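I have placed the structure first, in the form of C-alpha cells, so that the comments after it can refer back to it.
Worth saying up front: this structure is predicted, and the values here are computed from it rather than measured.
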Amino acid sequence: MLIEMMMSKIHRVTVTEANLNYIGSITIDSTLLKAANILPGQRVWIVNNNNGERFDTYVIAGEPGSGVICLNGAAARKAQPGDVVIIMTYAQMTPEEAAAWKPTVIFPDTLTNRL
C-alpha cells in the first residue's frame, strides 16, 4: 500500500501576478523552486489564505531571484495579486518510507517572496 505524504511546502508567499489569458499553471521564482525541491511541470496544491480557495495546477519556473508568484489561466480566478498562498507537493510512499520521511519546508519573506 502507498500513502501520500507532504513532500515540500513554500509557506506563505504573496501572489505577484494573475494572468487569466495564459494557458494555465503557476509561475514560481526558480530560486524558491530549487530551495523547496519542486520541479517545473510538477503538480502543486495551492491554498489561498485570503479567501480559503484550494486548488491544484502545475509549475512553470520563473526568473531566479524575481520573487514571482503568478497564477495563470483559470487559476488566476482563485487568487489575486497581494493574496498570501501556501504551495505544497505530495509524494506517494510506503508506510515504512513515510515513518522516516522529512519534508522540505521553506519560509520566504512574505513581502518579497525571497529567502
Side-chain angles (χ1 to χ4, degrees):
M1 168 179 53
L2 296 176
I3 59 174
E4 285 193 0
M5 298 291 292
M6 185 181 72
M7 183 177 138
S8 57
K9 176 167 71 166
I10 302 173
H11 189 76
R12 296 185 57 88
V13 289
T14 302
V15 174
T16 59
E17 303 171 47
N19 183 352
L20 185 60
N21 295 314
Y22 193 78
I23 295 170
S25 68
I26 183 171
T27 303
I28 302 173
D29 177 327
S30 60
T31 303
L32 295 176
L33 291 178
K34 185 174 180 178
N37 295 318
I38 298 173
L39 299 172
Q42 188 171 358
R43 184 181 189 183
V44 291
W45 285 259
I46 302 165
V47 177
N48 186 328
N49 286 358
N50 291 76
N51 64 19
E53 287 281 357
R54 292 175 169 262
F55 56 99
D56 66 308
T57 189
Y58 65 92
V59 173
I60 293 176
E63 186 71 30
S66 65
V68 66
I69 302 292
C70 179
L71 292 162
N72 301 303
R77 297 273 192 211
K78 303 287 187 179
Q80 59 187 356
D83 284 358
V84 174
V85 297
I86 298 169
I87 302 166
M88 299 167 285
T89 65
Y90 293 87
Q92 293 185 347
M93 56 190 76
T94 66
E96 296 76 24
E97 291 170 320
W101 179 250
K102 301 287 186 239
T104 301
V105 180
I106 63 168
F107 298 89
D109 182 313
T110 306
L111 300 176
T112 65
N113 293 341
R114 291 184 179 87
L115 295 172

Working to the nearest 0.5 Å, report the span between CE of M5 and CD of Q92. 12.5 Å
Within a radius of less than 6.0 Å around CZ of R114, do more than 12 heavy atoms belonging to other residues, nucleotides or ligands occur? yes
Test log, rule side-chain contact (heavy atoms from CB on, under 4.5 Å), inputs I87 and L32: CA-CA 11 Å; I87 302 166; L32 295 176; over 6 Å; no
hydrophobic_cluster_shared for M6 and V47, side chain cutoff 4.5 Å: yes
If you take all heavy atoms of V59 and I28, which pair is closest and at what distance? CG2-CD1, 4.2 Å
Less than 4.5 Å apart, any side-chain heavy atom of V13 and any of V85? yes
Can you list every pair that meets salt bridge (charged side-chain N to carboxylate O under 4.0 Å, His left out) and has a residue in residues 32-56, with sequence neighbours left out? R43-D56, E53-K78
CG-CD distance between L71 and Q80, expressed to the nearest 0.5 angstrom: 11.0 Å
Side-chain touch V68/E63, heavy atoms, less than 4.5 angstrom: no
Should V44 and I60 be counted in the same cluster of Ile, Leu, Val, Met, Phe, Trp and Tyr side chains packed under 4.5 Å apart? no
Looking at every non-hydrogen atom in both residues, tell me the closest pair between A36 and I106 and how far apart they are. CB-CD1, 3.9 Å
Does any non-hydrogen side-chain atom of I86 lie less than 4.5 Å from one of N49? yes
Kindly state each residue pair satisfying ring-ring contact (aromatic ring centres under 6.0 Å, His included) with at least one member in residues 10-33, sequence neighbours excluded. H11-F107
Interatomic spacing from CG in L39 to OG1 in T89 - rounded to 0.5 Å: 9.0 Å
Quick one: are T27 and N19 in side-chain contact, heavy atoms under 4.5 Å? no
A side-chain contact here means heavy atoms from C-beta on lying under 4.5 Å apart; do P108 and L115 qualify? yes
When rounded to the nearest 0.5 angstrom, what distance separates CG in N37 from CD1 in I10? 10.0 Å
Within a strict 4.5 Å, meaning less than it, do heavy atoms of the N50 and V84 side chains meet? yes
Report yes or no: does T14 contribute a side-chain atom to a donor-acceptor pair with the main-chain N or O of T110 at less than 3.5 Å? yes
For S8 and I38, the nearest pair of non-hydrogen atoms, with its separation, is OG-CG1, 3.4 Å
Please give me the minimum heavy-atom distance between A18 and C70, naming the atom from each residue. N-SG, 4.2 Å
Do you know the tightest heavy-atom contact between Y58 and S25? O-CB, 3.1 Å
Is there a side-chain contact between P95 and M1 in this structure, where contact means two heavy atoms from C-beta onward sitting under 4.5 Å apart? yes
Which residues share a ring-ring contact (aromatic ring centres under 6.0 Å, His included) with Y90, sequence neighbours left out: W45
Report yes if some heavy atom in the side chain of W101 is under 4.5 Å from a heavy atom in the side chain of M7; otherwise report no. yes
What heavy-atom pair brings T31 and D29 nearest, and what distance separates the two atoms? N-OD1, 2.7 Å
